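Here's the structure we're looking at; comments come further down.
This chain uses plain numbering: 1 for the first residue, then up along the sequence. In this text, all values refer to a predicted model and were calculated from it rather than measured experimentally.
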Amino acid sequence: MYGPGRVGSLVVMTITTEQPRRAPAPDRRSRLLTWAGALWALQYIPIHVYWAMGGTTGFLGIEDLGEDFQTANWAASVVIAGAGLVSLSLVQSWGRLVPSAVRHGLAWVGGIVAIVHGIAFAVPSALRLAGVLDYRTDPDFTSDQLRNLDWANLLYFEPWFTIMGILLIVGSQSVRRHSRDVPRDGRVLRGTAYTLLIVGIFVAVWGVFTFDVLTYLLPGVVLTAAGFALALFAHRTLDRKEQHR
């Protein structure tokens, strides 16, 4: 015979064990890193919005470069804001609406792209300023503007990319160290979703860098959206099955 206390304990144990496991609350270090990533992204948006609205920066040679340049800066603003949101989604409760693997995958893909961009553009700028590489004749820019652009790359533009990439990756790693991953099925479905996400992000970023609006909007945004939708479908179907086993 079980007494009332024993029965109550069994009921509590049953309810507790049948509820889906929840990820532990993020630690202070993870919150600081992800908020730093969001704020770092935020401070890079104003200059792009300024250029998108037709603003000029004469000493960099950015004057009237046409509608494609303005559109590319609107697209860049969206990508930058997305980086900040991805960083915050790693620790905020609303981020759980998106599968954990998708959020961390986005952080890593975005982080790698940003770091590669920072290195790829900073190194040639440094070599030109040091006199190792010569400045090519460009009818659209003066030699002073090209040198100013290289200084801007070294002191502001490329450090932003490099630091943004580091914050995304380090923030993701910090959060993952304090999370509990549940074994997952459906590797083919998930792998397809994450492949679409990675390819879509790379194509979208390439479209922004090359000022190719069609590349950004069509294959870039479409592939990213398809990957996101497929990953969300996998999360809502496969993960729920795992939780009720």
Among the clusters formed by ILVMFWY side chains lying less than 4.5 Å apart, do [X] and [Y] turn up in the same one?
X: V91; Y: L32; result: no
X: W108; Y: I119; result: yes
X: V222; Y: F233; result: no
X: V109; Y: V175; result: no
X: L167; Y: L85; result: no

Would you please say whether a donor-acceptor pair under 3.5 Å links the side chains of [X] and [Y]?
X: D27; Y: S30; answer: yes
X: N73; Y: Y50; answer: no
X: S87; Y: W35; answer: no

Atom [atom1] in [X], atom [atom2] in [Y]: separation rounded to 0.5 Å?
X: T56; Y: E63; atom1: OG1; atom2: CD; result: 6.5 Å
X: L88; Y: W94; atom1: CG; atom2: CH2; result: 5.5 Å
X: L60; Y: W151; atom1: CG; atom2: CH2; result: 14.0 Å
X: T34; Y: Q92; atom1: OG1; atom2: CD; result: 7.0 Å
X: T57; Y: L65; atom1: OG1; atom2: CG; result: 9.5 Å
X: I62; Y: L149; atom1: CD1; atom2: CG; result: 7.0 Å

If you look at every heavy atom in [X] and [Y], which pair is closest and at what distance?
X: L33; Y: S174; value: CD1-CB, 3.8 Å
X: D140; Y: Q145; value: O-OE1, 4.2 Å
X: A107; Y: L90; value: CB-CD1, 4.4 Å
X: Y135; Y: D150; value: OH-OD2, 2.7 Å
X: Q70; Y: G54; value: NE2-CA, 3.8 Å
X: L154; Y: S125; value: CG-CB, 4.2 Å

Any heavy-atom pair between the side chains of M164 and H117 that's under 4.5 Å?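 H117 vs M164: side chains apart.
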Indicate yes or no: at least one non-hydrogen side-chain atom of E158 is less than 4.5 angstrom from one of V123. no
Please answer whether the main-chain N or O of [Y] pairs with a side-chain N or O of [X] as donor and acceptor at a distance below 3.5 Å.
X: R103; Y: V86; value: no
X: N153; Y: A122; value: no
X: W160; Y: W40; value: yes
X: R128; Y: D134; value: no

Could you please spell out the steps behind the side-chain contact (heavy atoms from CB on, under 4.5 Å) verdict for I169 and I112? CA-CA 8 Å; I169 291 173; I112 292 171; 4.3 Å; yes
Trace of the side-chain contact (heavy atoms from CB on, under 4.5 Å) decision for V49 with W74: CA-CA 6 Å; V49 172; W74 283 122; 4.2 Å; yes
State plainly whether the residues D144 and R147 are in salt-bridge range, i.e. N to O under 4.0 Å. yes
According to the interplanar angle, ranging from 0 to 90°, do the rings of Y44 and H48 count as parallel (below 30°), tilted (30 to 60°) or perpendicular (above 60°)?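 Perpendicular: the ring planes of Y44 and H48 meet at over 60°.
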